[in-house]
> 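This is the structure, below, for whatever I ask next.
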Protein chains: 2
Amino acid sequence: MKKDNLDDRKKKVLQAIVEEYINTAEPVSSGAISKGHGLDYSSATIRNDMAQLENIGFLDKPHTSSGRVPSAKGYRYYVHELLKEDNLSLEEIKYIQKKLKVKVNEIEDLTKAATTTLSEITHYTTVAVGPKSDKQIIEEIKFVSLGQRMLMVVIVTDTGLVKETIIKFDEDITDSQVDTLNNLFNTRLKGKPLSKIDKPMAEYIFSEVNYSVGIMKAIIEQINKIVDEEDNNIILEGAKNSFDLPEFKSMKVAKNFVNLLDAKDEMLQIFNSGDAEDINVYIGDDDDNSNLKDFSIITFKHTMGDKDLGTIGIIGPKRMDYAKVIAVMKYISKKINEDNNKKEGM
Amino acid sequence: MKKDNLDDRKKKVLQAIVEEYINTAEPVSSGAISKGHGLDYSSATIRNDMAQLENIGFLDKPHTSSGRVPSAKGYRYYVHELLKEDNLSLEEIKYIQKKLKVKVNEIEDLTKAATTTLSEITHYTTVAVGPKSDKQIIEEIKFVSLGQRMLMVVIVTDTGLVKETIIKFDEDITDSQVDTLNNLFNTRLKGKPLSKIDKPMAEYIFSEVNYSVGIMKAIIEQINKIVDEEDNNIILEGAKNSFDLPEFKSMKVAKNFVNLLDAKDEMLQIFNSGDAEDINVYIGDDDDNSNLKDFSIITFKHTMGDKDLGTIGIIGPKRMDYAKVIAVMKYISKKINEDNNKKEGM
DNA sequence: ATTTAGCAATCGAATATTAAGAGTGCTAAA
DNA sequence: TTTAGCACTCTTAATATTCGATTGCTAAAT
């Protein structure tokens with residue numbers, strides 16, 4: 001494609017505009033970037049470049065006589081081709097290290113700590129979603145009786161996830177029944193992905209015993225609920241920070257934002273689609289009509305060895321401080337994965 | 001107090017103004033309520049009453065030449081003295097009944113269902129908080145080992161609460177140690193309030209055995225975390241609905257709202273302070289500077305017999321449809337408590 | 001004594017007018 | 001290829017003007 005052949009100065013101009021706009025949230029004029037940002041030309045020269053950058057769709061003009069604003073395409077080019085890595089300050093590094101030094105009992109603890117820290121440092125809203133249930137291998141299923149008519153089911157997976165739920169019955173359940181449940185479910189499901197615990201599988205397991213319909217139904221229902229919840233669980237952090245951004249002065253944007261946070265499906269889809277081993281950047285489409293159009297999302301996968309432990313991400317305005325966010329993410333990502341692998345090696 | 005001696009017409013005028021304002025969100029003029037709302041006077045007469053109602057602080061004037069708006073004091077008088085109960089429609093009753101017919105395994109299930117339903121019917125944001133830990137009696141503490149170095153603690157309370165957490169150790173823990181833990185904690189804590197599980201108590205218990213410091217510390221930490229989480233747990237439902245309200249056009253109000261939702265302490269304080277056996281209404285103070293000032297909160301306690309199962313409430317603009325909200329709450333409250341008592345009787 | 005009609009006065013909100021200024025695009029010169 | 005110069009565009013802010021809703025008060029009516 002022609003448009004990718006930006007000459008050196010045009011690249012600098014685009015970069016300067018994006019960075020200036022990230023800082024000020026105001027349209028950028030030719031004069032504002034004719035000096036500085038590694039440029040030293042007259043505003044007329046810059047103007048020419050800007051016109052061409054607009055032609056090929058990297059810039060937009062809010063109105064005929066005001067400065068330029070990066071288009072979604074412009075942001076994408078900036079992120080993928082022009083972004084120069086930011087360095088974290090020593091304080092930031094110290095802070096992250098401190099916050100991540102949590103005692104990890106469940107994988108959620110670490111995820112939570114990372115999410116909170118990310119939000120605190122960037123001041124954007126952060127989100128974490130767990131690994132999909134088909135990526136998690138069951139290590140153990142344990143039925144524990146809590147009194148005659150109450151049972152707790154605990155499922156432990158290879159990702160360190162421990163999920164449990166309570167089941168109540170209208171009739172008594174005996175210790176030997178509990179033992180049988182433990183045997184049955186473990187032999188059938190250990191080593192299988194979590195998503196395999198579905199209704200058909202449970203019915204199949206129950207076909208081998210003849211418990212009352214009430215008991216079976218209650219167990220199947222609750223176990224399915226675990227899997228379901230696991231696939232739809234989203235952790236949100238620092239949503240209120242976003243309301244300080246200038247773009248939130250527009251009620252439309254604010255509303256899109258709360259709608260976005262509420263649209264779990266849309267969110268899950270984005271969060272589950274990124275590459276592992278990399279920072280993924282989604283930039284809202286200018287002429288999209290979804291809730292996403294005003295926002296960008298940056299995510300990374302959190303892994304242990306080659307196991308997917310879920311995705312952590314950030315939601316902010318398209319005018320986001322990409323350099324900073326990506327730098328923080330890279331650092332946190334590295335740190336987490338280091339910790340995980342140390343732990344694994346023990 | 002003099003001001004409480006409103007003559008009949010003034011009461012009607014105040015009521016009409018509040019109701020009109022609830023509907024329209026616009027200042028109410030004398031003309032708008034001179035006919036209807038059980039009134040039939042000239043606007044001049046109403047005007048006189050309005051002036052007096054303003055004098056005694058029940059009404060405010062946004063500016064000299066526009067209609068009146070209820071003050072916080074006016075709302076309070078309206079709610080406590082003038083409110084006429086609303087009736088639910090048959091559909092609403094049917095809907096609530098359907099939604100509350102959930103299988104309750106944990107008390108949270110019912111609370112969640114009630115909270116969601118309340119939000120769906122009123123379109124306001126709803127909140128639920130559990131009973132404080134000092135109101136919950138421990139029925140059982142159970143340690144369950146999940147592999148050599150992982151333990152799960154389950155605490156069951158008289159409110160139907162089942163809380164659990166995972167503890168990981170750096171060293172092995174034996175079956176007999178687990179048995180001892182079970183005995184020790186149960187004999188010491190069964191029948192005691194949940195809040196009694198604090199650091200001193202745990203340390204006292206541990207003084208009777210000599211487990212490694214690592215094990216003891218891990219257990220104490222995690223158990224305390226359960227209690228702590230229980231006291232700070234807030235369920236939020238339908239927050240995004242609020243963004244459709246006209247008052248949210250003001251960015252200041254919107255920001256106060258997200259801040260309020262984030263200020264868990266402030267929230268918990270209000271939610272934990274209401275009377276049992278009643279619907280409690282808090283109306284934000286006009287000249288308060290807290291996040292609350294633009295909002296009202298209506299709560300009720302959710303009980304089983306005389307046990308407090310927590311508080312469910314609604315947060316909305318001061319211009320809230322009190323009649324509707326209170327009617328729905330009363331119905332849901334009655335329904336829940338019926339169900340609970342039926343269950344208890346079984 | 002209460003209520004109401006009538007009316008001047010007030011003030012906000014909407015609309016129009018103007019002025020100022022920021023920024024562009026283009027042309028012609030450097 | 002770059003730049004100075006300048007006319008043109010369009011936004012924003014400031015100012016003025018109009019319009020109408022609503023009030024408060026007074027004097028008349030009930």
Side-chain angles (χ1 to χ4, degrees), chain A residues 5-14 16-21 23-71 74 246-247 249-251, chain B residues 5-14 16-18 20-21 23-71 74 246-247 249-250:
Chain A
N5 293 334
L6 293 189
D7 65 54
D8 221 49
R9 193 180 60 213
K10 287 211 188 63
K11 285 185 189 171
K12 277 189 187 146
V13 169
L14 178 55
I17 291 177
V18 173
E19 284 169 1
E20 195 67 13
Y21 188 63
N23 272 328
T24 63
E26 298 289 341
V28 181
S29 73
S30 55
I33 56 167
S34 80
K35 315 282 149 170
H37 289 97
L39 290 167
D40 186 14
Y41 292 87
S42 76
S43 65
T45 308
I46 304 295
R47 226 157 20 243
N48 286 330
D49 285 350
M50 282 164 84
Q52 290 177 56
L53 285 166
E54 184 182 349
N55 271 338
I56 51 177
F58 285 99
L59 297 177
D60 282 333
K61 236 195 309 202
H63 14 268
T64 327
S65 74
S66 202
R68 302 301 208 294
V69 161
S71 67
E247 18 275 284
K249 288 217 187 70
S250 150
M251 203 49 222
Chain B
N5 294 333
L6 293 188
D7 65 53
D8 221 50
R9 193 180 59 213
K10 286 212 189 61
K11 285 185 189 171
K12 278 190 187 145
V13 168
L14 178 55
I17 290 176
V18 173
E20 195 67 13
Y21 187 63
N23 271 328
T24 63
E26 299 289 340
V28 182
S29 72
S30 55
I33 55 166
S34 80
K35 314 284 150 167
H37 290 97
L39 291 166
D40 186 14
Y41 292 88
S42 75
S43 65
T45 307
I46 303 296
R47 230 164 9 248
N48 287 330
D49 286 349
M50 282 165 83
Q52 291 178 56
L53 286 166
E54 183 181 349
N55 272 337
I56 51 178
F58 285 100
L59 296 179
D60 282 333
K61 235 192 315 201
H63 13 266
T64 326
S65 74
S66 203
R68 302 300 207 296
V69 161
S71 67
E247 19 274 285
K249 289 217 185 72
S250 150

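Keep in mind the model is a prediction, meaning the values are calculated, not measured.
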> Can you tell me which nucleotide in C:dC11, D:dC25, C:dT4 comes closest to the side chain of B:Y41?
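Given the options C:dC11, D:dC25, C:dT4, the side chain of B:Y41 is closest to C:dT4.
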> B:D8 has an atom CG; how far is it from atom P of C:dT3, in whole Å?
12 Å
> Closest to the A:H63 side chain: D:dC10, D:dG5, D:dC25?
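Of all the options, the side chain of A:H63 is nearest to D:dC10.
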> Could you identify the nucleotide paired to D:dA4, looking across every strand shown and requiring Watson-Crick or G-U wobble geometry with both distances under 3.5 Å?
C:dT27
> How many whole angstroms separate atom CD of A:E26 from atom C1' of D:dT11?
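That distance rounds to 12 Å.
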> Please determine, for the side chain of A:S42, which listed nucleotide (D:dT12, D:dT3, C:dT4) has the closest atom?
D:dT3
> Whole angstrom is fine here: how far is it from CZ in B:R68 over to P in D:dA21?
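Distance check: B:R68 CZ to D:dA21 P gives 18 Å.
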> Is B:S29 touching bases, backbone alone, or none of the nucleic acid, heavy atoms closer than 4.0 Å?
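The answer is sugar-phosphate, as B:S29 gets under 4.0 Å only of primed atoms, P, OP1 or OP2.
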> Side-chain contact test, heavy atoms from C-beta onward, threshold under 4.5 Å: evaluate it for B:M50 versus B:V13 and give yes or no.
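With C-beta onward as the side chain, the pair touches.
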> Tell me: CD1 of A:I46 to P of D:dT1, nearest whole Å?
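Taking CD1 of A:I46 and P of D:dT1, I get 15 Å after rounding.
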> Which one, C:dT24, C:dA5, D:dG24, comes nearest to the side chain of B:A44?
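Minimum distance to the B:A44 side chain belongs to C:dA5.
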> Does a side-chain N or O of B:K61 approach OP1 or OP2 of D:dA21 to a distance below 4.0 Å, or not?
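It does not, given that no N or O in the side chain of B:K61 lies less than 4.0 Å from OP1 or OP2 of D:dA21.
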> For the pair made of CG in A:N48 and P in D:dG5, what is the distance, rounded to whole Å?
16 Å
> Between A:S30 and C:dT24, is there a contact of a side-chain N or O with OP1 or OP2 at under 4.0 Å?
yes
> Would you please confirm or rule out a distance under 4.0 Å between OP1 or OP2 of C:dT4 and any side-chain N or O of B:T45?
yes
> Does B:R9 make a side-chain N or O approach to OP1 or OP2 of C:dT3 shorter than 4.0 Å?
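Answer yes for this pair, as a side-chain N or O of B:R9 is under 4.0 Å from OP1 or OP2.
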> Expressed in angstrom and rounded to an integer, what is the separation of B:L59 atom CG from D:dT22 atom P?
15 Å
> Side chain of A:T64 only, please: which of D:dC10, C:dT3, C:dC11 is the nearest?
D:dC10
> Would you say that B:P70 contacts B:Y21 through its side chain, given a criterion of any heavy-atom pair below 4.5 Å between the two side chains?
yes
> May I ask you to say whether B:R9 pairs ionically with B:D49, meaning some side-chain N is under 4.0 Å from a carboxylate O?
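Yes, this pair counts.
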> Check the distance between D:dA21's P and B:R47's CZ and give it to me in whole angstrom.
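For the pair B:R47 CZ and D:dA21 P, the rounded distance is 14 Å.
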> Send over the distance from B:D49 CG to C:dT3 P, rounded to a whole Å.
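Rounded to whole Å, this separation is 8 Å.
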> Taking A:D7 first and then A:K10, would you say they form a salt bridge - that is, a charged N and a carboxylate O separated by under 4.0 Å?
yes
> Counting N and O atoms only, with roles assigned by atom type, does the side chain of B:T45 sit under 3.5 Å from a partner on the main chain of B:Y41, one being a donor and the other an acceptor?
no
